[in-house]
Amino acid sequence: MKTRVWLWVLAVILGISLLSILWARRTPSMIAGIYVDGECLRRVDLNRVKAEERFTVETDDGSNTILIQPGRICVEAADCPDQICVMEGWLPEFGFPLVCLPHGLLIQLEEDAP
Amino acid sequence: MTARRLTRDALLTAVALILFTVEAQIPVPVPIPGVKLGLANIVNVWAVCTLGAWDALCILLCRIALGAFFAGNLMVLFYSLAGGLLSLCALLLLRRVTTPRQVWVCAVFAAIAHNAGQIAAAVWITRSLAVLAYFPFLTISGIIAGFFTGLCAQYLLSRRLS
């Protein structure tokens, strides 16, 4: 195939990716679910949080300290090597689910209220 | 396997491993898991184009096993394996339909395939489809990184090695 064809293919892939990022960044709800290896530990309605709360999730692979403030949630500290979950910052500002892949931890805004 | 071939593959594994380890020390500017340059892809592409599938697979598997060992994290092994094998498949397929001047195209698709493999592994580990939200972002970073590593590999391939 000609190089120009390949460039078009890549441009289409790039366009689809950009569109789906815009689509995915909407915030479905303010209820955050905290999961470890697919199991829901707890759900927090971020709109109803009055006081700051901090708790640690222990997994088989390590621990993450989660901080909840009125209207937002983040991973404050973790003992994973890459620290990506800490760098991701706050939900919902970040726009993607918060994950700590080495520990199998996932924090996401739920699609619909339980 | 002749001694010559074994030595050559071992050297390439060492090169890939150095790239992999050095790259792990570079902080990533965006907090998306899986975004990286993928410098070891250069060795991968080069090996597929000059040595063939079997040698490339050996180099890849050795590099992943040793890389996870040096990173000191078993999860790295899992993610690298899923991404690495898928990107090797993409390289082998695209190798048949591209010209030597389009090596970078192979590398771009190899990078995308690598990210797809990693996301698949992440879906399996978190047992949730939520991580799929990262995929479009990873695809864009993969296209950029793959273009860069692909050009590196293409440049290397265009040189005659004695």
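Convention: sequence-line order gives letters A, B, ...; per-chain numbering from 1. In this text, all values refer to a predicted model and were calculated from it rather than measured experimentally.
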Quick one: what part of [X] sits under 4.5 Å from any heavy atom of chain B, side chain, backbone, both or neither?
X         : value
Val9(A)   : side chain
Gln108(A) : side chain
Leu22(A)  : neither
Leu101(A) : both
Leu18(A)  : both

Problem - Any Ile13(A) side-chain heavy atom under 4.5 Å of Ile143(B) side chain - result: yes

Practice task
Answer whether the closest heavy-atom distance between the side chains of Val99(A) and Pro33(B) falls below 4.5 Å.
Solution key: yes

Do [X] and [Y] share a hydrophobic cluster, counting only Ile, Leu, Val, Met, Phe, Trp and Tyr and linking them when any side-chain heavy atoms are less than 4.5 Å apart?
X        : Y        : value
Leu17(B) : Leu57(B) : no
Met30(A) : Trp90(A) : no
Met87(A) : Val35(B) : no
Ile66(A) : Leu91(A) : yes
Leu11(B) : Ile59(B) : no

Enclosure of [X] [atom1] (heavy-atom neighbours >12, cutoff 6.0 Å):
X         : atom1 : result
Glu39(A)  : CD    : no
Phe148(B) : CZ    : no
Trp124(B) : CH2   : no
Phe55(A)  : CZ    : yes

Among [options], single out the residue with the greatest number of heavy-atom pairs under 4.5 Å to chain A.
options                                  : value
Pro27(B), Ala130(B), Ala24(B), Ala121(B) : Ala130(B)
Phe135(B), Phe78(B), Trp104(B)           : Trp104(B)
Val105(B), Thr139(B), Ile32(B)           : Val105(B)
Gln102(B), Arg101(B), Arg127(B)          : Gln102(B)
Ala122(B), Ala133(B), Pro31(B), Gly34(B) : Pro31(B)

Handout entry: Audit row: Val108(B), Leu10(A), side chain to side chain contact (heavy atoms under 4.5 Å, CB included) steps and yes/no
Key = CA-CA 9 Å; Val108(B) 166; Leu10(A) 288 176; 3.5 Å; yes

Handout entry: Sidechain-backbone polar pair: Tyr134(B) side chain, Pro97(A) backbone, donor-acceptor under 3.5 Å
Key = yes

Completion exercise
Scanning both residues in full, the closest heavy-atom pair of Gly104(A) with Ile125(B) reads CA-CG2, 4.1 Å

Interface moiety of [X] toward chain A, non-hydrogen atoms closer than 4.5 Å:
X         : result
Ile140(B) : both
Thr98(B)  : side chain
Ile144(B) : neither

Problem - Distance in Å, Phe96(A) CZ paired with Leu132(B) CG, rounded so as to fall on 0.5 Å steps - result: 12.0 Å

